[in-house]
Amino acid sequence: MIMNCTGWAFIAVQLTCTMPDPAPVVVCPPVRAWSIDFQKRVADELRATPNSALAAVAVQAIGDRDVARACARKRKPK
């Protein structure tokens, strides 16, 4: 392709390069510690009503605890 240009042409180009933001600091959620007596009480209550909403919350809390523990293990300096 051949371009024939006449007159004046003003071309302004701005090239902006940015670095990606650094990764956010990782903050692990706390791992809660429950007493043995309290854990036994929770187990008794879950056995009494295994299909309750509170039972579902307890199961999700177990998953959250596992995630918190894995995060804490990963963050420990070697």
Donor-acceptor contacts under 3.5 Å from residues 22-32 side chains, at least two apart:
none

Could you pull out all donor-acceptor pairs under 3.5 Å where a side-chain atom in residues 58-67 meets a protein atom, sequence neighbours excluded?
none

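Annotation: ring-ring contact (aromatic ring centres under 6.0 Å, His included) contacts involving residues 28-70, sequence neighbours excluded, comprise W34-F38.
Between the CD1 atom in I36 and the NZ atom in K40 there is a gap of 7.0 Å [rounded to 0.5 Å].
In this structure, D44 pairs ionically with R47, as a charged nitrogen and a carboxylate oxygen lie closer than 4.0 Å.
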